[in-house]
Amino acid sequence: MTLAAGIDLGTGAVKAVIFDVTDGKINWVSRHIEKIRQRDPHKLAREALDLAIKDAGAEIGDVGYIATTGEAESLDFSTGHFYSMTTHARGGIYLEPEARAVLDIGALHGRAILVDERGKVLGYRMTSQCASGSGQFVENIARYLGITWEEIGPLSLQADDPEKVSSICAVLAETDVINMVSRQISTPNILKGIHMSMAARLVKLLRAVKVTDATVLLTGGMASDIGLVAALNEAMAGQKVDVNSKSHPDSIYAGAIGAAIWGAYRHDKLTRLDELALAS
Amino acid sequence: MSNQTQITTPAASQEVIKDASMLKQKAMIADNYDKLTRAKELGLKVASTYVPGNLNELIMCFDMLNNLPEINAIQNGMRKKSGGMIMDAEKMGHSEDVCTYVKADIGNMAKGSIAPNGKPMPVPDLLLLSYTGCFTFLKWFELLRDQYGCETAMLHVPYTGDGIITDNMRDYVVKQLKEVLIPTLERVSGVKFDIDRLREYLRQSAKAEDDLVWVLKSAKNTPSPIDAYFGGVFYIGPIFTAFRGTPDAVEYYQLLRGEIEQRIAARMGPVTPDGDLGEEKYRLVVEGPPNWTSFREFWKMFYEEGAVVVASTYTKVGGVYDYDGFRHDPDNPLESLAEYCLGCYTNRNLPTRVDMIEQYLEDYQADGLLVNSIKSCNSFSAGQLMIMRTIEERTGKPAAFIETDLVDPRYFSPANVKNRLESYFQMIEQKRRAGGSARAA
Amino acid sequence: MDTWVKDMRKLNDIVDYCQTLYDDLNFTAARDWKAAKPGRHVIGYMPTYVPREIIHAAGMLPLGVLGGGDNLEVIHGDAYYQSYICRIPRSTIELAVTKRLNFVDGMLFPSTCDVIRNLSGIWKLLYPDVYSRYFDVPQNFTSAVGGTYYVQELRELAEGLEGISGTKITDEALNRSIDLYNKNRRLVNDVYNVRQVTPWKALSWEVYLLMRAGMVLPVEEHSQLMTDYLAAVQAEDRPKRDNCRVIVQGSFCEQPPLNLVKSIELAGCYIVDDDYMLVNRWLQDEVPTDGNPMENLADAFLNYSGETACKYVPEREDKGKFLIDAVRERRAEGVIFAAPSFCDPALLDRPMLSGALARENIPHISFKYAENSGQMQPIREQAGTFADTIKLWGEA
Amino acid sequence: MKTFIGIDLGSTTTKALILDEDLEMLGKGITNSRSNYATAAAVAKEEALTGARLELFRRGLGGELSSSAAETLMTDLELAIRLEQFLDQLEDLRKTCATQIAPGQDGVLEALDEIFRQIKTEAPDMFTRDARRKSDFFRDIAGSRVMQIGEAVAKQAGIAYDTLINLYDKSIIEVENRPPTSDMAQMFLRAIDRLTTAGSELGLDQSTARTVMQAALDIELEEASQVGTGYGRVTLPFPKDNIRSEILCHGLGAHMMYAGTRTVLDIGGQDTKSIQVDGEGIVENFQMNDRCAAGCGRYLGYIADEMNMGLHELGPLALKASKAVRINSTCTVFAGAELRDRLALGEKREDILGGLHRAIILRAMSIVSRSGGITDEFTFTGGVANNQAAVKELKALVKENYGDVTINIDPASIYTGALGAAAFARRALDS
Ligand SMILES: Nc1ncnc2c1ncn2[C@@H]1O[C@H](COP(=O)(O)OP(=O)(O)O)[C@@H](O)[C@H]1O
Ligand SMILES: Nc1ncnc2c1ncn2[C@@H]1O[C@H](COP(=O)(O)OP(=O)(O)O)[C@@H](O)[C@H]1O
Ligand code: SF4
Ligand code: SF4
Ligand code: SF4
């Protein structure tokens, strides 16, 4: 049994998973997620790992490769590090083998990643400087509107006359939203407007990596926002981008999954190299 | 947003500006687009080139049509189509940071380059890269060449870094005309170059240029009969584009001059989209190109407050005729073409641009300077704050700074611009009340 | 001559010395050079290319001014530039108004783009009494047309410099200077070649600092420094990492922060070629040291200068060829386009170059930076993913 | 008596200020703009009117008290009234939260009541003379207490913390948008009663105090004219003639505070402006930040949120910085990311905060430079002038760049725009 751990240290949350990879068979054993909320991320990462290992009924010594991704290059207990897009691509293919592109929308940025069936990154695009299309922004607005994270999606779906958010900057967009509230625009219409403007930016990313005619898997925290998913599909239909975007209940783990799988792969390779060395 | 009232093209705005000259220009433009889009069936060759330093008279010598991508971008800006085109270009991999004229053009090309008359533009037979006053032109035509794969001829016009046209510069341009451009044009068109034909066109140009200068200078009257920025962009149309050197242009400027003479006699202010301007409250000099995507909204912020632009630098990008009296000269045809290219506004160094603006402020008795800084255009914008600062120091007149873009609607923030303009006008007003700089009656 | 150069053999010392020069926003080395002998003059120049040979032949020190980097607090510079203009002109202005350039006797503004072009005008308005020149180069590359024009431009430049020094620049002096710069270019190429072969020994950020030193040191000293570096680096034993090999493209004007150069390497990419400080390598071949030096310089410019976004490429097919050749010669596995934000030349060039690379199946990525970018995380992520992809899926 | 009102509808805060005919200030009020603009204006005005009554009371006291005793009394009076208002709103919040509880949520109401009981108990301590509050706004004070106490209460009661917080999130906007309803006169008299019995050492007997207060309350305040300014001024229900640009108002306001002012720097929530004025307070030149909101007051707001601190606490912590950390990006949105980046690198919170404050002021200094620099007296206004760390950096940078110029910072600098507006209102009467 080869156990590999994947840890995705994000800006919003820490995700840890344990995989068992034996004879090419990939098996997901356990998982743990923890929101960061102004705590020490490195400590949280370690805790998440320990909890996941415990759930797997194993000990740290059983884990052959601890792979990190996200903002975890300097974690001292990791065996190796893979960069986010590498891992989201692989994790995406694991969750949705049909996917040929992965759209990762996290707390601060969005990334569109073009992949092939083996999870190889063929191209990508990231949102630049301005951050109005990110989880953090939606979270702030939700707080301002007095609704919870879970309510965002369902409310957005109820919109009948969405109001566009024009600003490219999240700060100015916040003001836009404040103005909307004072103009008595309904909450669903505001949320839908935000989703639409985010969707427009994300579709732009997808087009920039030249995704056509494919299934796109949404990963990262925002993948669970059904309002955004709906807005994305509408935007793609509107722009005649012939893709089908899907979400997966475990989307938020995609990075950690990819890290674990690549970790197992490297572990295998390194062991073989070692054996070769011993044999000679 | 009310779309019905917007100006679509200079010509289509005739319900607003109904003068004969406007009708004439409309017909000229329509006719030109008609010719361009039917070039293939008419058996005419097309050269694409730029407004600053355009060699219209020379192009005409080879029976070729002149297509100007910048003008197409403006047209698309005014019809609110440029936004989508720019985004298309960005999706194709062009950076958010670069000049939006280029992106509007490239986005338009991807859509099949539809002319304002709804028909597709022909693929040009020649890209005439006259590189005057803007470095981006060079890249722009490299990009077009990459797409079209057609022949390209480059005319490098040196920048007048010391504020003067040196013999070396003039010789260099003339030599390129002789050894690169004319042979290429001959080859592409199959027409032999005839210098006398060029002389005749230049003679027509000079005539029209005289009248244009008269029109621009009419703004020295109080009240000014014209708006030299918002109206000005219409007045410069023919001379900046495919008409310089034609009898049509000569006729247009005569008509225009006549109309303005009447306005002066009647002590009338400029025409605006909402009719004649009421009281003239502020006289401004404007530096920088206008915003095309919200042209009318932008203009309204001025005329609503009684602000008239009496001189502008944008109306000099396609040739500076008033400041030091340049005219196309039939007696020195190639040299005068070279000097024309070298003397366009954005090819002049910053100190000269400052001198020009200073002189405008004085000659036109303006209350102050307004800088419209364009995100896209480094050629204009890099250094405008220095221009503003120097002008304030030298003249003591107040200046203001706003930021928009030519054809990217995302960079026109009406509330922001209005806020600054209002503050500026209130500031001028407050100063006047305080008895400081009383306006000349 | 300067004895300290001879004593300096250790790699650390060389790199530390370069770092000190790099960090010094007061240009102390150049100030000291000028103060050492009465009558010395310093001529500043901006990227990308000026013929330093002529400045040298006038007995002057050419001083490369490449902005303020990430350690300069820019206050007044922002008063001259809108937010959508790149950073190098504003930090250069900051250097000037904070009197850090007050010992410079003249400034040259090459024809890189409209921003630098207009900066020349700002300089004239701010410092009407200091010699400054917009230095134009031809975009027509035939000797009879562009060449004639350029030779005259070079002469006018020489006359301008003579006006400052009061002495004539002789052909002999100019040929001597050309010789020194030929040697300097050879050494620069040697350093690049060593890095190409053993990138784990000659680390990119060290090479970067070494080339930067050439912006502020007299050419003779810079050549000596490179000779020493070459010797020291061969002796060095450094671990070879499992990195991929890339070329960095688009950083020819505003410079990336040093951390960016380091981050690319940290994220798993060895840089085997770049276009930082092009002036060091602008002329691709030796310039003859006999005959008419002005014509020789012009000739070299017309026929043997590298391709960059600031230069017109007359033939469509040739666009990007220079880069593709470099990929082949340097055995690079990919290209990183790293351009300054708001840099029209680099960013407008990019789609054409990336198109050319795509046709050749050469992997590439692109991002933007500013000379004072503080956050390296997105850069590491992109470069890292690129390296991951090449490593996990590369041909090997 | 005739009064003149200036209202500054800012992007983050709304300020109201009342002047009398002699341009003497009667009262001022402030609230956060994060709600309906009209309500914000009404709330601020209400507070300014409260202040005006207090001022009239002070004037009415005349020589009854020594000046130091009068000062003490006024401070206490103001605090007492603030406390009354706070308790009013707290009760409103409790009721509103209670209505939000979904059916079947056992124990939530009890937990809620417990939280509010605790806040109510500690409230008097928040309004003593030397108490340090996180903010002056009900939203912030109540919010931070609900969260802190809520955490403990939730744990004890075995209820999800999120459930309780969601109730608060949903209710606060509603409560904030309801202008105070209580009877002002009664509140004043109640407060004066309380203070004069307890503080007999003031040497003011209760009946005199009551008479003076009653007299102050009886004066009719006629609203002669009102001028609006600020970001939201176009949404104000005033005729166009009664609206002035914030540039003019800040210029005039600063001139009224310090007649020698030639340069005014205003850092507000979303914009930074530098204004040059002449000896009459007339604007000669101004520059503002561009569309990017980087480096303005909201930036500090994001940072405070990120660090889970109150706005008032940022400055004091930054002042403890012992080393300069260079922060180059002032993008508001990425401020949090940069902060985490630095914390991960092992930098200390106070040092990073120091760097962030410097970054903001550097940006402001650029705008000052753009408007023509500083020649003579310099006045710093806007909300950020309340932040001591920002002020410290500013003073240092002004000195470095412009030498020894006089720097004015009024404790009430956030009201500068409203003051200018009120002065314009006064002028309108003359012309
Ligand atoms: N159940 C959830 N609770 C809270 N936030 C969530 C949840 N699901 C998704 N999110 C959103 O996802 C973001 C975190 O997404 P993630 O992909 O983990 O980002 P990162 O990798 O940058 O941390 C949060 O900022 C939040 O907006
Ligand atoms: N007491 C305070 N301590 C520190 N900062 C404050 C304080 N009050 C306000 N601020 C700052 O001032 C900003 C609001 O300034 P203000 O001038 O009211 O802006 P606006 O007019 O745009 O609403 C806030 O974002 C905050 O950063
Ligand atoms: S940079 Fe300016 S002059 Fe050049 S193409 Fe763009 S808009 Fe035109
Ligand atoms: S960085 Fe680019 S845009 Fe800026 S000055 Fe240099 S070449 Fe020009
Ligand atoms: S516009 Fe907004 S998001 Fe963009 S850089 Fe500025 S503050 Fe940041």
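No experiment lies behind these values; they were computed from the predicted model shown.
- Residues Glu254(C) and Tyr369(C) bring no donor and acceptor atom of their side chains to less than 3.5 Å of each other.
- Side-chain N/O atoms of Ser204(C) and Glu265(C) include a donor and acceptor closer than 3.5 Å.
- For Ala267(C), the parts sitting under 4.5 Å from any heavy atom of chain A are the backbone and the side chain alike.
- Taking the six-membered ring for Trp, Tyr253(A) and Trp28(A) have ring centres closer than 6.0 Å.
- Heavy-atom distances place no part of Arg125(A) under 4.5 Å from chain C, backbone and side chain included.
- Contact tally against chain C (heavy-atom pairs below 4.5 Å) for Tyr83(A), Tyr265(A), Tyr124(A): the top residue is Tyr83(A).
- Remark: the Arg90(A) side chain and the Tyr94(A) side chain contain no N/O donor-acceptor pair separated by less than 3.5 Å.
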